[in-house]
Amino acid sequence: MLSRRDFLSTASAAVAFVALPKAASAATTSVTLTPAPAAIPVVPGQPETNLWAYNGSLPGPLLRVKQHDRLQVALRNGLQQDTTIHWHGIRLPNAMDGVPGLTQKPVQPGAQFNYDFTCQDAGTFWYHPHAGNPEQVGRGLYGLLIVDEPNPPAVDRDVAWVLSDLRLDKAAQVTADFNHPMDVSHAGRLGNTALMNGRLAQPFAVNAGERIRLRLVNTANARIFDLRFSGHAPWLVALDGHPLDAPLHLGPQDRVAIGPGMRADLIVDMTGDAAARYTVFDRDAQGREHRLTDLAYADTAAKASPVRPIPGLAANPVREADLKTAERLPLVLGGGMGVPYALQVDGGPVLDMRQAFQQHRMAWSLNGQAQSHSGKDHADHVGHSPLFRLKRGKSYVFEVSNDTSWPHPLHLHGHVFRVLTQPGRPWRDTVLLQPQEKAQLALVADNPGHWMLHCHILEHQAAGMMATVSVS
Ligand code: C2O
Ligand code: CU
């Protein structure tokens with residue numbers, strides 16, 4: 001017999017069923033991902049590079065589903081160490097978030113874990129391990145997850161550039177100097193070989209007159225890509241998977257900055273001349289421009305390219321924060337070379353920078369706290385309580401200030417926030433803060449569970465710029 005309470009929950013489930021026909025008719029995609037060692041031809045004319053890769057490919061297999069579809073992924077660990085998969089930017093139930101010790105047990109060598117979730121937001125996302133990240137991502141474990149809109153904008157081609165880098169020696173092998181103190185306390189592990197879709201960048205063939213949706217994804221450990229499309233005027237239509245309220249027209253001198261973890265969707269009209277080449281420049285931290293690739297036009301003369309209106313993308317179902325009632329939460333990024341600092345490791349005594357590094361290999365902090373483990377498995381240790389406890393359904397504004405001499409792409413799991421301090425107030429899951437920059441991030445804490453908040457420069461994360469946020 002149904003109790004009144006059972007009856008009510010059944011009744012409301014039925015209402016939800018009626019209200020969400022798309023969810024009810026959603027398809028399910030099932031795949032197996034096996035991270036394991038693989039030899040891959042990354043640099044032409046050089047020996048194959050020994051990497052760690054999903055299903056033997058770099059980047060890993062492209063996962064592509066429709067919005068509201070269900071994705072089931074069997075992770076089979078073919079590495080000699082624990083791993084997990086985190087679905088970067090996907091707003092999903094906490095148990096599927098892939099953080100070892102916090103949302104699941106680490107997946108041991110030879111073991112399997114089944115991820116199963118619905119993709120409620122359309123856009124450009126990606127996946128990567130959340131265990132031993134500096135080495136696992138740095139050796140090639142990452143892949144793209146595209147969630148298609150029910151009615152995608154009309155383009156001639158939909159293309160992704162997965163941008164990353166590797167630190168290679170003369171024999172094209174990955175150097176083993178992970179978590180080197182120089183990298184940890186400075187800019188992170190920067191590679192010496194930039195990659196586009198897992199290979200040394202080659203010219204990118206285009207046809208005059210075509211319209212391309214270009215999905216840019218930065219999966220590097222630490223490298224910030226800062227791109228400029230010479231001779232072209234792309235439209236920026238989405239950041240971190242989420243459409244801008246109004247697409248932004250970029251001039252040939254404008255740049256798209258994409259820090260580790262971040263994505264940008266462009267719509268680019270190929271308005272150049274047949275047989276011409278136009279360089280896509282990347283700019284490094286010293287302000288120098290380098291060629292990332294060329295847009296290489298086919299010889300065929302341009303079709304008269306019609307002036308086409310820029311298609312808008314439908315917004316994802318994200319709740320707007322109530323800025324009037326939002327609670328303000330200060331969040332200070334600290335540490336690193338350049339300014340003296342003090343921090344506490346896992347809630348222990350206050351240490352100066354030398355002690356923190358020598359005793360714990362910690363160099364970065366959030367609100368003066370350096371966290372050395374992701375998980376509540378360590379909750380018994382003093383200080384492994386969440387940095388923030390948020391009330392479910394309530395609005396918050398993080399008042400972030402980067403008090404360091406280094407840029408940081410700050411990433412929150414399970415939620416997206418509006419960056420109130422950036423033009424167009426974009427939705428993002430990762431925000432790039434320049435040295436001494438401040439930002440305001442507004443969100444509704446609507447996804448219950450324990451969530452990571454960390455710098456996506458993976459060496460910074462591993463050296464303390466990491467915290468947990470609980471929502472209940
Ligand atoms: Cu893309 Cu916590 O990660
Ligand atoms: Cu950082």
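Source: prediction; values computed, not measured. Both ligands and their constituent atoms are indexed starting at 1 by order of listing.
Contact of the V99 side chain with the T84 side chain is not registered, since no non-hydrogen atoms from C-beta on lie closer than 4.5 Å. Counting heavy atoms from C-beta on, the side chains of Q371 and H454 never come closer than 4.5 Å.
Remark: the Q173 side chain and the N50 side chain contain an N/O donor-acceptor pair separated by less than 3.5 Å. With 3.5 Å as the limit, one finds a donor-acceptor pair spanning the side chains of D346 and S372. With 3.5 Å as the limit, one finds no donor-acceptor pair spanning the side chains of R213 and T124.
Remark: the backbone N or O of P59 is paired with a side-chain donor or acceptor of S57 at under 3.5 angstrom.
Using cut-offs of 30° and 60° on the angle between ring planes, the pair W87 and Y127 is tilted. Using bins of under 30°, 30° to 60° and over 60° for the plane-to-plane angle, the ring pair W235/H249 lands in the parallel bin.
Each protein N, O or S atom less than 2.8 Å from the Cu ion (ligand 2) was counted, giving 3.
Atom 2 (Cu) of ligand 1 has H130 NE2, H413 NE2, H454 NE2 as protein N, O or S atoms under 2.8 Å away.
The ring-ring contact (aromatic ring centres under 6.0 Å, His included) test with H456 is passed by exactly one of H411, H408, H86: H411.
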